[in-house]
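Here's the structure we're looking at; comments come further down.
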Amino acid sequence: MCGIIGAVTDEDAQKSLLDALRRMEYRGYDSAGVCLREQGRLHCRKEAGKLANLEQSLDKKPLSGHAGIGHTRWATHGGPSRENAHPHLADGVAVVHNGIIENHEILRQALTADGVAFRSETDSEVIPWLLSAALAAGGKSTGMDVAWQQTVDQLQGAYAMVALTAADDCLWFARRGSPLLLGRSKHGIYAASDALALAGLADEVLYLEEGDIGRISRSDAVIFQDGVQVQRDWQAIPLAEQAAGKDGFDHFMQKEIFEQPRVIADILSAYVKHGVGERPDIVFPAAPLLDTAPLPNRIVMVACGTSYHAALTARYWLERYLQVSVEVDVASEYRYRNPVIGPDTWLITLSQSGETADTLEALRLFKSNTPDNLALTLCNVPESSLARESDGTIALLAGTEVGVASTKAYTAQLAVLALLVLKIAYQNGVMNEADTKRHLTAMRQVVDGMHVLLSQADRLQALTPLFEDIHGALFLGRGPCFPLALEGALKLKEISYLHAEGYAAGEMKHGPIALIDAKLPVVVLAARKYHLQKVLSNLREVQARGAKVILLTDMRDEDIPDNVNAVIRLPEGDSFTTPLFAAIPLQFLAYYVARARGTDVDQPRNLAKSVTVE
Ligand code: G6P
């Protein structure tokens with residue numbers, strides 16, 4: 001989604017801005033622009049399409065200056081054109097904005113009546129016009145601080161934004177509803193929507209809070225909250241943000257698929273404290289309440305996209321092992337359906353980024369309705385808004401995930417959820433020591449099992465012809481593998497642009513069976529632990545209608561049904577680990593089909609890594 005960078009530096013600001021925009025490309029965008037202040041004038045350059053277009057234009061005719069703002073835009077209001085790209089300018093001011101200004105139509109009408117001629121279709125363009133009007137009304141006596149505050153006060157909706165003026169060697173910023181942080185180094189001070197943008201530019205970062213507003217100069221940052229100046233802490237830039245190379249892989253997604261055994265090993269060594277033979281001791285340091293909290297009456301899990309699929313799998317584990325009622329919903333529905341929350345209920349939000357707008361609002365709704373209930377988050381960015389606003393955070397420890405299609409953050413969520421269930425079950429006496437240890441031993445075996453699966457990448461690549469000349473693909477599973485079917489289909493459609501559906505295998509007869517023919521490959525997840533015979537009946541029904549079948553299974557060779565077009569063997573796991581194994585071939589399948597189709601695997605069209613608007 002949109003990326004913001006602002007820089008006031010003693011170095012070449014154009015270079016700083018472009019470096020930062022490049023590091024934010026992974027977020028997904030469709031146009032880009034920069035604006036620099038040079039000798040009391042603003043110079044702007046914007047291009048539709050990839051950042052390379054903007055870089056080419058700047059190569060031909062560079063801009064210079066030490067203060068500037070830059071933006072990668074993911075279109076919401078108005079298509080991806082040069083006119084709609086940020087920064088937006090008005091009479092000596094320029095603004096970049098992430099979020100959505102909900103009252104933009106009313107503001108636009110009022111500004112138009114005052115003679116403003118808008119140049120874009122965006123909601124964002126009202127901001128520079130409001131700012132220039134406030135400056136004009138206040139004259140030199142009030143100045144930018146007051147004009148910026150007056151501008152911000154008129155906005156409804158979500159924003160992270162940075163403004164540059166022709167008159168000043170400073171930048172002004174404001175944050176509400178969309179992430180924004182500051183960075184500093186000996187060369188200057190920066191504002192960005194993503195810590196990754198600041199890797200290489202800043203040594204330290206400062207995470208702004210909701211409602212923060214202020215200004216940065218080359219050596220100073222001034223922050224106000226409700227009109228009062230506040231101090232916020234600078235911290236070393238997170239290490240994870242410093243490395244963002246492909247390390248010899250063709251794509252970030254490929255690299256991230258291969259990182260999964262390391263991620264699982266890191267999770268186990270960080271959270272499982274006991275040695276072999278000792279009592280199980282699972283500790284989540286940033287969620288200490290979990291060590292004493294009794295079992296709740298109900299657990300609500302809320303997330304979006306791939307994170308939602310991880311929650312769906314965990315529901316099976318929570319209900320089976322804890323015997324607690326579990327509700328799982330996508331955040332965009334949960335927050336608007338007037339959910340009945342009630343006492344003695346935990347909320348667990350799941351998010352790779354910790355900045356997904358709907359998930360964040362779902363948390364806020366939950367906390368405002370029942371402040372005494374516990375709200376936990378499983379999140380890959382411990383400094384994110386979701387982590388900071390939750391009562392406890394369990395870090396996913398997956399490291400920076402760059403590929404838009406989530407892979408290692410997903411399996412990290414599954415692994416952490418498995419440990420969470422084991423911890424609560426053991427602590428509350430609903431799982432005995434022997435069973436808890438047995439499951440932990442199985443979790444340790446995931447690392448080796450994943451290595452085996454990774455070594456089969458070529459076999460998955462060889463299946464891509466089955467996805468040629470098709471009208472879609474169907475993924476089927478039951479129990480905890482049903483959400484894996486959803487995830488397998490999501491991965492395929494996200495990056496290959498083929499239509500794919502995931503279905504509960506038992507639900508196939510209620511609709512999708514009508515689609516089945518020789519041009520609809522069907523991926524069947526058949527795990528010994530989850531209703532194997534029933535899944536195999538579904539498989540036969542699919543075969544009887546002429547579909548090509550790819551079977552992912554941990555069955556013994558002799559039990560494998562005849563005439564399946566391909567079999568991918570999964571290591572034998574238990575109820576917690578089988579989904580972790582099944583994830584890898586599904587990711588490979590999507591990856592290789594996308595590669596064969598020549599799509600942009602890491603930055604698929606229209607998608608964003610972190611969806612910071614609803
Ligand atoms: C976007 C990403 C998905 C991700 C979803 C939820 O749609 O493209 O990969 O699963 O957002 O994001 P979160 O950061 O909350 O897990």
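Just follow the structure's listing: the first ligand is 1, and inside any ligand the first atom is 1.
Looking only at atom types and distance, the side chain of Glu401 has a donor-acceptor partner in the side chain of Ser406 under 3.5 Å away. For Ser390 and Lys367, the side-chain atoms include no donor-acceptor pair closer than 3.5 Å.
Annotation: atom 4 (C) of ligand 1 to nearest protein heavy atom, Thr306 N, 4.2 Å. Shortest contact from atom 6 (C) of ligand 1 to any protein heavy atom: Cys304 O, 3.4 Å.
With a 4.0 Å heavy-atom cut-off, ligand 1 is reached by the backbone of Ala608 but not by any atom from C-beta on. If you look at Glu355 next to ligand 1, there are no close heavy atoms at all, none under 4.0 Å. If you look at Val404 next to ligand 1, the close heavy atoms, those under 4.0 Å, come from the backbone and the side chain alike. Counting heavy atoms under 4.0 Å from ligand 1, residue Thr356 touches it through the side chain alone.
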Check: Can you check ring pair (Phe, Tyr, Trp, His ring centres under 6.0 Å) on Phe576 and Tyr316, steps first, answer last?
Finding: CA-CA 10 Å; Phe576 292 103; Tyr316 291 87; over 10 Å; no
Next item on the list: Decide yes or no on ring pair (Phe, Tyr, Trp, His ring centres under 6.0 Å) for Phe249 and Phe258, but give the supporting numbers first.
Entry: CA-CA 9 Å; Phe249 288 95; Phe258 277 90; 5.4 Å; yes
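By the 3.5 Å distance cut-off applied to N or O atoms, Gln413 is not counted among the residues near ligand 1.
Between Asp600 and Lys50, the closest side-chain pair of non-hydrogen atoms falls below 4.5 Å.
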